[in-house]
Asks: 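Let me give you the structure first, and then I'll get to my questions.
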Amino acid sequence: MFPRAFTFCILFAGVSPIASASALGSAPLSYDDARHLLNRTGFGATSSEIERYVGMSREQAARKLLDGARTTALTPPPAWTAEVGPLRYPRPGDNASQMERKLFQQEQVREGLELRGWWLSEMLATPSPLTERMTLFWHNHFVSSQQKVKLALLMYRQNVTLRAHALGNFGDLLHAVARDPAMVIYLDSAQNRKGTPNENFAREVMELFTLGEGRYAEQDIKEAARAFTGWSIDRDSGRFMFRPFIHDDGVKTVLGKSGNFDGDEVLDILLAQPATAEFVVRKLWREFVSPDPDERQVSRIARRFRDARYDIEVALNDIFTSDAFYAKQSRASLVKSPIDLVVGTLRQFNMAPSEPTPFAVAVAGMGQNLFSPPNVKGWPGQETWINTSSLLARKQFLERLFRGDDPSRMAALPRTESMAPEMPRQALQQGELDPEKARQIRFMREMERGMQSVRFDSSKWMSQVSSAPDPARRAADAERVLLATAPQAEPDAPGDPLALVRSLVLDAAYQLK
């Protein structure tokens with residue numbers, strides 16, 4: 001159950017009146033409008049970033065965001081991503097010893113952690129936060145997980161593909177992901193062969209990637225699965241491979257269309273369905289606007305999306321310039337994901353971790369383990385981000401991040417050791433602890449390691465946010481930057497920058513965007 005203040009905060013966000021369409025559409029962006037746009041399309045906008053958008057029209061602001069989108073990461077990836085040669089991918093039945101398999105598993109865990117830290121670093125450093133938000137959106141749409149794929153290298157390559165197409169063409173992205181080796185492994189395409197078709201990919205490409213539930217029949221899945229037979233990967237290079245000798249080249253009938261279809265032709269059939277554009281736009285609406293899509297607006301944007309041959313920027317531009325996006329009832333209507341909370345906080349307060357991996361572990365401890373969504377449906381988001389365990393993890397993260405350097409403040413804060421007593425390392429490694437207890441201990445150890453790598457200068461930050469001489473005015477300016485709606489409690493000590501910031505980030509309103 002949500003804390004009462006948090007529940008009230010959500011309810012409060014849903015009852016604000018909507019300004020008239022003419023007033024919303026004609027006025028230049030206010031400070032609050034610019035803040036709303038940048039925090040929905042990126043992570044934790046700073047006051048200076050917000051000021052650069054104030055006074056722009058909606059169209060100008062949307063164009064600036066879209067024109068600045070990247071297709072490649074700025075942060076250099078881990079060195080092992082450049083490795084060439086045969087993949088180390090032992091499976092049951094290969095000539096690998098038990099020790100070799102164990103070492104391989106440990107290596108993949110290490111590389112997976114490094115990969116998570118790298119992506120979090122890119123989210124912090126990128127000049128195009130929208131690119132990373134869309135890459136994360138597609139990661140949660142075209143789900144695959146390192147838990148099944150195993151190889152971190154393949155998960156990295158998929159991440160590169162998602163980023164390259166993140167704001168490009170959805171049709172191109174769909175075709176690229178369908179052939180992506182991580183996806184081929186995750187949805188068992190390599191086991192799909194003539195005479196014994198595996199329906200996993202065919203089912204998910206219809207239900208979760210394009211049409212949505214209820215827009216196809218079981219027979220459509222069976223026929224489509226035949227079209228995807230022969231899609232596989234080369235075990236040495238880890239690249240996509242088509243194996244014609246296990247492909248079913250007979251006639252198939254999919255969604256009323258008949259022919260000697262291959263997998264690419266089936267994907268084109270799915271893209272030709274109006275339901276596909278509507279399904280994608282509906283998900284984009286939930287990502288950027290509100291949990292409850294306006295079906296009339298979804299249909300309008302989806303028609304333009306299809307007419308533009310699935311140009312993702314067209315759909316995003318329509319969303320970012322819509323009345324619904326800027327309506328007061330859409331403000332503070334979304335719950336921050338763990339990535340929003342962690343990356344957004346670090347960006348907003350100009351904190352630069354020397355080691356990003358502990359923060360990726362902190363994100364995982366709050367329920368969003370990058371490269372490992374919980375299942376093929378991905379992270380459901382919204383209220384599911386908030387439960388007893390994750391709320392505690394969020395609170396601990398923020399408390400430790402803004403603990404300050406004064407010994408008296410440090411003494412007043414809860415210590416991680418008191419929250420989870422130190423256990424012998426040997427017991428932790430040998431799995432003698434309750435798994436949940438062990439997870440909490442690892443989370444808090446990593447979180448503490450990360451906290452030690454960042455420092456927050458509250459006075460400097462406050463001077464960047466407000467030049468007002470009056471403490472109450474400075475407090476109001478800080479609140480305006482940090483919160484999407486009014487705080488649920490009166491902020492502490494307006495004259496003490498650190499105390500003020502702590503009270504604002506620990507307020508229930510800080511959990512919303």
Side-chain angles (χ1 to χ4, degrees), residues 2-6 9-10 39 43-46 120 123-124 332 334-353 355-356 358-368 385-406 409-420 440 443-459 461-462 465 475 478-494 496-513:
F2 298 148
R4 185 175 181 181
F6 185 79
C9 194
I10 292 177
N39 281 320
F43 311 99
T46 65
L120 189 136
M123 292 176 187
L124 289 170
L334 301 179
V335 178
K336 289 180 180 178
S337 70
I339 280 290
D340 281 318
L341 188 73
V342 173
V343 175
T345 300
L346 293 174
R347 282 182 68 105
Q348 199 157 45
F349 291 100
N350 301 310
M351 296 180 179
E355 171 52 57
F359 292 92
V361 173
V363 168
M366 297 174 197
Q368 193 173 21
W385 292 130
I386 305 296
N387 55 52
T388 303
S389 175
S390 63
L391 270 176
L392 177 61
R394 286 171 176 245
K395 183 173 183 289
Q396 290 173 349
F397 171 78
L398 294 169
E399 283 182 333
R400 300 301 288 165
L401 197 61
F402 296 98
R403 62 191 174 189
D405 296 322
D406 181 58
R409 296 187 190 277
M410 293 286 287
L413 291 172
R415 299 288 299 175
T416 53
E417 291 84 353
S418 64
M419 291 183 283
Q440 291 178 4
F443 163 71
M444 283 183 282
R445 282 180 178 172
E446 286 296 303
M447 186 172 71
E448 185 65 23
R449 186 161 67 92
M451 298 303 126
Q452 293 171 358
S453 73
V454 296
R455 290 291 182 267
F456 174 55
D457 187 333
S458 57
S459 297
W461 182 84
M462 186 60 71
V465 168
E479 179 184 315
R480 197 178 185 192
V481 174
L482 298 177
L483 304 183
T485 189
Q488 299 304 294
E490 190 69 23
D492 293 335
D496 182 338
L498 182 57
L500 173 64
V501 167
R502 279 179 51 81
S503 67
L504 289 175
V505 300
L506 293 174
D507 192 275
Y510 190 70
Q511 302 293 329
L512 303 178
K513 63 176 183 175

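All residue numbers refer to positions in the sequence shown, counting from 1.
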Asks: Side-chain contact, heavy-atom cut-off 4.5 Å: F402 with L504?
Replies: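 No, every pair of side-chain atoms sits at 4.5 Å or beyond.
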Asks: Is there side-chain contact between L124 and P353, with heavy atoms separated by less than 4.5 Å?
Replies: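 L124 vs P353: side chains touch.
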Asks: Please find the pair of heavy atoms, one from R394 and one from S337, that lie closest to each other, and give the distance.
Replies: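 Taking every non-hydrogen atom into account, NH2-C, 3.8 Å.
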Asks: May I ask you to decide if M123's main-chain N or O and R347's side chain share a donor-acceptor pair within less than 3.5 Å?
Replies: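 Yes, the answer is positive, given that a donor and an acceptor are paired below the 3.5 Å cut-off.
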Asks: Is there a donor-acceptor contact under 3.5 Å from the side chain of W385 to the main chain of M366?
Replies: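 Not at all, since once roles are kept as given, no pair shorter than 3.5 Å links the two residues.
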Asks: Would you mind reporting whether L334 and L512 have side-chain heavy atoms less than 4.5 Å apart?
Replies: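 No - every pair of side-chain heavy atoms lies 4.5 Å or more apart.
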Asks: Evaluate the ring planes of F456 and F349, with Trp represented by its six-membered ring, and classify them as parallel (under 30°), tilted (30 to 60°) or perpendicular (over 60°).
Replies: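 Taking F349 first and then F456, their aromatic rings stand perpendicular (interplane angle over 60°).
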Asks: Which heavy atom in A486 sits nearest to a heavy atom in A509, and how many Å separate them?
Replies: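 It is O-CB, 3.7 Å.
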Asks: Give, for atom CG of L392 and atom OG1 of T388, the distance between the pair rounded to the nearest 0.5 Å.
Replies: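 Spacing of CG (L392) from OG1 (T388) equals 9.0 Å.
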Asks: If you round to the nearest 0.5 Å, how far is CD of Q511 from CG of D340?
Replies: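 These two atoms lie 10.5 Å from each other.
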Asks: Which atom names give the shortest non-hydrogen contact between V505 and Y510, and what distance separates them?
Replies: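 It is O-CD2, 3.3 Å.
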Asks: Which value, rounded to the nearest 0.5 Å, describes the distance between F43 atom CZ and K513 atom NZ?
Replies: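 The NZ atom of K513 is 8.0 Å from CZ of F43, to the nearest 0.5 Å.
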Asks: Which atoms form the tightest heavy-atom contact between P487 and D507, and what is the distance?
Replies: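 Smallest heavy-atom distance, with atoms named: CA-OD1, 3.5 Å.
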Asks: Rounded to the nearest 0.5 Å, what's the gap from CD1 on I386 to NZ on K336? Could you check?
Replies: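 The CD1 atom of I386 sits 11.0 Å away from the NZ atom of K336.
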Asks: Has the side chain of Q348 got a donor or acceptor atom that lies under 3.5 Å from a matching backbone atom of T46?
Replies: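 Pair absent, no side-chain N/O of Q348 close to backbone of T46.
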Asks: Which residues satisfy the side-chain contact (heavy atoms from CB on, under 4.5 Å) test with S390, sequence neighbours excluded?
Replies: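 Listed in chain order: N387.
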Asks: How close do I339 and Q368 get, heavy atom to heavy atom, and via which atoms?
Replies: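 In this case the closest contact between I339 and Q368 is N-OE1, 3.0 Å.
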Asks: So which atom in R403 and which in R455 form the shortest heavy-atom distance, rounded to 0.1 Å?
Replies: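 So the minimum-distance heavy-atom pair works out to NH2-NH1, 4.1 Å.
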Asks: Is there a side-chain contact (heavy atoms from CB on, under 4.5 Å) between L346 and L401 once you walk through the steps?
Replies: CA-CA 9 Å; L346 293 174; L401 197 61; 4.2 Å; yes
